[in-house]
Amino acid sequence: MTSGSATESFRAARDFLLRHRDDYAAAYEGFSWPRPERFNWALDWFDEIADGNARTALHIVEEDGREITVSFGEMSVRSDQVANWLRDRGVRAGDRILVMLGNQQELWMIALAAMKLRAVVIPATPLLGPVDLRDRVDRGRVRHVIARVADTAKFAEVPGEYTRIAVADRGAADVPGWLDFEEAFSAPGHFEPDGVTRADDPLMLYFTSGTTARPKLVEHTHVSYPVGHLATMYWIGLKPGDVHLNISSPGWAKHAWSNLFAPWNAEATVFIHNYTRFDAARLMAEMDRAGVTSFCAPPTVWRMLIQEDLGLLRTPPREVVAAGEPLNPEVIETVRREWGVTIRDGFGQTETAVQVANSPGQLLKAGSMGRPSPGYQVVLLDPVTGEPGAAEGEISLDLSGDPVGLMSGYHGDPERTAEAMAGGFYRTGDIGARDADGYITYIGRSDDVFKASDYKISPFELESALLEHEAVAEAAVVPAPDPVRLAVPKAYIVLAEGWEPGPDTAKLLFEHSRAVLAPYKRIRRLEFGVLPKTVSGKIRRIELRERTAEGSTAEYVEGDLR
C-alpha cells in the first residue's frame with residue numbers, strides 16, 4: 001500500500017466515524033480499522049491536512065497572559081525544521097529520544113519531527129527525578145535527551161552517552177554541554193524522509209507503573225496509537241473545527257490520547273491553559289475566550305471545578321468527558337444542572353486507546369463506562385476458569401479481531417507480553433461487570449495498583465523507596481480516601497530496632513519520601529504498627545485497605561507535621 005492509499009484509507013475510516021458519531025450501533029457494526037503496510041502519521045496525515053491550512057492547530061495561554069497560536073501549516077513547517085536539525089545532530093531512525101517538556105509548543109513540534117525521522121519517543125513528565133530518569137535512560141537505551149532548561153541539572157546524575165538538547169522558556173538556552181533547541185528554527189523548512197515507515201515500526205515507549213519493582217515499558221507502533229486513537233476521537237465526539245481542551249500532563253499516555261492524536265485526527269484545535277495552581281474561575285474564563293467546544297479532564301479536576309460557580313462559563317462545551325477513575329454521581333449531576341451536558345466516561349490504558357466508552361448521543365446508565373469502542377471486541381474473562389462470556393470478570397480484548405489500537409507488547413519483556421496476551425486475549429488486569437444491554441461497569445483492579453489524582457501508583461515502588469531509610473524494617477502502601485484526589489498513598493510502617501514511633505520519626509519519613517519520590521508518588525499519610533500477613537508471609541493489603549477505609553486516629557498526616 002502506497003502512502004497515498006494509506007492516507008485515503010485512514011481518512012475513509014475517520015470520516016465513517018464522523019458520519020456515525022451519534023449512531024453507536026452503525027459505528028460499531030460498520031467500522032473496520034485501516035491496516036496500511038506503510039504509514040507515517042506525521043507525513044501521511046498531519047502534513048496532508050496542514051498543506052495550506054491557516055486554521056489554528058495549537059493554542060496555548062500561559063498563566064501570565066502570554067499567548068501562542070500555531071496554525072496547521074506553521075506546525076508542519078516548524079516540525080520539518082526540527083526534523084532536519086535533529087537529523088543533522090545525529091538523530092537516526094530507531095534512535096530513542098527521551099522528551100521531558102511541559103505543555104509548550106516545542107513538545108508538539110518534536111513529536112511530529114520524531115515521527116518523520118522514524119525515531120522513537122520516550123515521553124517523560126518533568127516531575128521525574130534522577131532515580132527515575134536513570135532507569136528510563138538505561139532501559140530505554142536513550143540516545144538523545146530533550147529537556148527544559150529548568151530540568152537539565154537532573155541529568156548531571158544520569159550517566160550515559162546521549163545527546164543533550166535544552167529548550168528555553170524564552171530566548172536562547174545557554175546551558176554548558178547542552179545544545180540550544182532554538183537553533184532548530186534556522187534549519188530548512190522542507191523535510192525529505194530518508195526511508196519508508198513500516199506500520200509496525202516502533203513509535204513510542206511509555207513507562208507505566210506495575211506491581212513489580214520497575215515500571216513496565218509499553219511499546220506502540222506507527223499505527224497502534226495514531227490509528228488506534230480514531231476510537232478516542234469517536235468517544236470524545238470531536239469534529240473538524242472543534243476547539244478541544246484536555247487537562248493532562250506531558251509524559252503520560254492520556255496526553256498523547258487527547259492532546260495529540262485524537263484532536264488532530266479530527267482536524268480540531270488543541271487548546272492549552274497552563275497554570276501552577278488550579279484556578280477554576282480563570283480556567284472557565286479562558287475556555288469562554290477560546291471557544292472550547294469539547295473538554296476532557298480527570299475526575300480530580302471535575303471535583304475541584306464544581307466547588308466554583310459553574311455559571312461563570314457562559315458557553316459550556318458541547319462535549320464533556322472524563323477518564324482515569326470513576327466519577328461520583330454528585331459531580332455528574334452538578335455539571336448537568338449547570339451546563340446542560342452530561343459527563344461521559346471512558347476506559348482505556350497506556351497499552352491501548354479507549355476500549356469502552358459512552359459515545360455521543362447514547363443512553364447513559366449511571367455508573368457505567370459504556371459499551372465497547374468501535375474496532376474492539378471486549379470480553380469479560382471468568383476469574384476462575386478464564387473463559388470469555390462472564391457477567392463479571394477481567395476486562396479483556398479478543399485478539400482474533402486484531403485490534404489496531406493495542407500495544408505491540410512490553411518492550412524487552414517477552415514473558416510479561418505473553419502473560420498479558422495468553423489464550424488469545426489481551427488482559428487488562430481490571431474487573432468489570434456487563435449488563436444485558438452490553439454496558440460495562442468498572443469494579444476495580446485485579447492487582448494492588450491504584451490511582452491518585454489520575455496518576456497510577458505502584459505500592460511496590462513506594463515501599464521500596466521507604467525501605468531505603470534506616471528506620472524502616474517493613475512497609476506496605478495502600479490508597480487512603482481523599483475528597484479531592486480520590487486517594488493518596490498511605491504507608492503502614494514497621495520500624496527497625498532502636499526507632500520509636502511518634503511524630504519525630506513520622507516527620508523524618510515524610511521528609512525522606514519528599515526527597516526520593518516524585519511529587520505525585522509522595523507518602524501523604526503514615527501509621528506505625530504490625531503488618532497483617534498470610535501464613536506464607538505475604539502482606540494482606542486487602543486488610544490494610546479495609547482498615548484505612550474505616551479511618552484511624554493513630555495516623556500521621558504529612559501537612560500536619562511540617
For [X] and [Y], which heavy atoms make the closest approach, and how far apart are they?
X: Gly65; Y: Arg282; result: N-NH2, 4.2 Å
X: Pro130; Y: Val158; result: O-CG2, 4.0 Å
X: Thr548; Y: Pro481; result: CG2-CD, 4.0 Å
X: Leu310; Y: Trp339; result: O-NE1, 2.9 Å
X: Met287; Y: Pro317; result: CE-CG, 3.7 Å
X: Ile97; Y: Ala114; result: CD1-CB, 4.3 Å

How many angstroms lie between [atom1] in [X] and [atom2] in [Y], if you round to the nearest 0.5 Å?
X: Asp169; Y: Glu62; atom1: CG; atom2: CD; value: 6.5 Å
X: Ile68; Y: Gln105; atom1: CD1; atom2: CD; value: 4.5 Å
X: Glu474; Y: Leu467; atom1: CD; atom2: CG; value: 8.5 Å
X: Glu286; Y: Leu313; atom1: CD; atom2: CG; value: 11.5 Å
X: Arg524; Y: Arg485; atom1: CZ; atom2: CZ; value: 5.0 Å
X: Leu245; Y: Ile272; atom1: CG; atom2: CD1; value: 7.0 Å

Can you spot which of Met204, Glu351, Glu219 makes a side chain to side chain contact (heavy atoms under 4.5 Å, CB included) with Met407? Glu351
Using 30° and 60° as the class boundaries, would you call the ring planes of His273 and Tyr275 parallel, tilted or perpendicular?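 Tilted, since the angle between the ring planes falls between 30° and 60°.
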Under the side-chain contact (heavy atoms from CB on, under 4.5 Å) criterion, do Thr232 and Ser258 qualify, and how do the steps go? CA-CA 8 Å; Thr232 307; Ser258 297; 4.3 Å; yes
Is [X] reaching over with its side chain to a backbone N or O of [Y], donor-acceptor style, under 3.5 angstrom?
X: Thr350; Y: Ala253; result: no
X: Gln355; Y: Gly348; result: no
X: Ser294; Y: Leu238; result: no
X: Gln349; Y: Thr428; result: yes
X: Arg522; Y: Ser513; result: no
X: Thr269; Y: Thr56; result: yes
X: Asn103; Y: Asn274; result: no
X: Arg96; Y: Gly140; result: yes
X: Trp235; Y: Ser373; result: no
X: Thr315; Y: Asp288; result: no

Taking the six-membered ring for Trp and the single ring otherwise, decide whether the centroids of His59 and Trp108 are under 6.0 Å apart.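 No, they do not, as the ring centres are separated by 6.0 Å or more.
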Centre-to-centre under 6.0 Å for Trp252 and Tyr520, is that the case here?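 Between Tyr520 and Trp252, which both carry aromatic rings, the centre distance is below 6.0 Å.
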side-chain contact (heavy atoms from CB on, under 4.5 Å) evaluation trace for Thr505 with Ile493: CA-CA 11 Å; Thr505 304; Ile493 302 292; over 6 Å; no
Close side-chain approach of [X] to [Y], heavy-atom, < 4.5 Å:
X: Pro159; Y: Arg134; value: yes
X: Phe295; Y: Leu305; value: yes
X: Asp242; Y: His244; value: no
X: Leu526; Y: Phe528; value: yes
X: Ser552; Y: Glu527; value: yes
X: His469; Y: Leu466; value: no
X: Leu127; Y: Ser249; value: no
X: Asp174; Y: Asp180; value: no

For Arg136 and Leu128, run side-chain contact (heavy atoms from CB on, under 4.5 Å): C-alpha distance rounded to whole Å, both residues' side-chain angles, the deciding distance at 0.1 Å, then the answer. CA-CA 10 Å; Arg136 281 155 171 73; Leu128 295 176; 3.3 Å; yes
Should the heavy atoms of other residues, nucleotides or ligands under 6.0 Å from CZ of Arg143 be counted, would the total exceed 12?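 Atom CZ in Arg143 is not packed in, count stays at 12 or less.
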For Ile542, is the CD1 atom crowded, meaning more than 12 foreign heavy atoms sit under 6.0 Å from it? no
Does Arg514 make a cation-pi contact with Phe510 (under 6.0 Å, within 45 degrees of the axis)?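 No, Arg514 and Phe510 do not form such a contact.
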If the test is ring-ring contact (aromatic ring centres under 6.0 Å, His included), which one of Trp257, Tyr410, Phe261, Tyr225 qualifies with His220?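 Among the candidates, only Tyr225 passes.
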Are His144 and Thr163 linked by a side-chain donor-acceptor pair shorter than 3.5 Å?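 Distance-only check passes for His144 and Thr163.
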Salt bridge [X]-[Y], side-chain N to carboxylate O under 4.0 Å:
X: Glu319; Y: Arg344; value: yes
X: Arg547; Y: Glu550; value: no
X: Arg416; Y: Glu419; value: no

Working note: Trp178 + Val149, criterion side-chain contact (heavy atoms from CB on, under 4.5 Å); need CA distance, chi angles, decisive distance, verdict. CA-CA 9 Å; Trp178 289 70; Val149 168; over 6 Å; no
Asp132: which of Arg139, Lys154, Lys521 passes salt bridge (Lys or Arg N to Asp or Glu O under 4.0 Å):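 Answer after filtering Arg139, Lys154, Lys521: Lys521.
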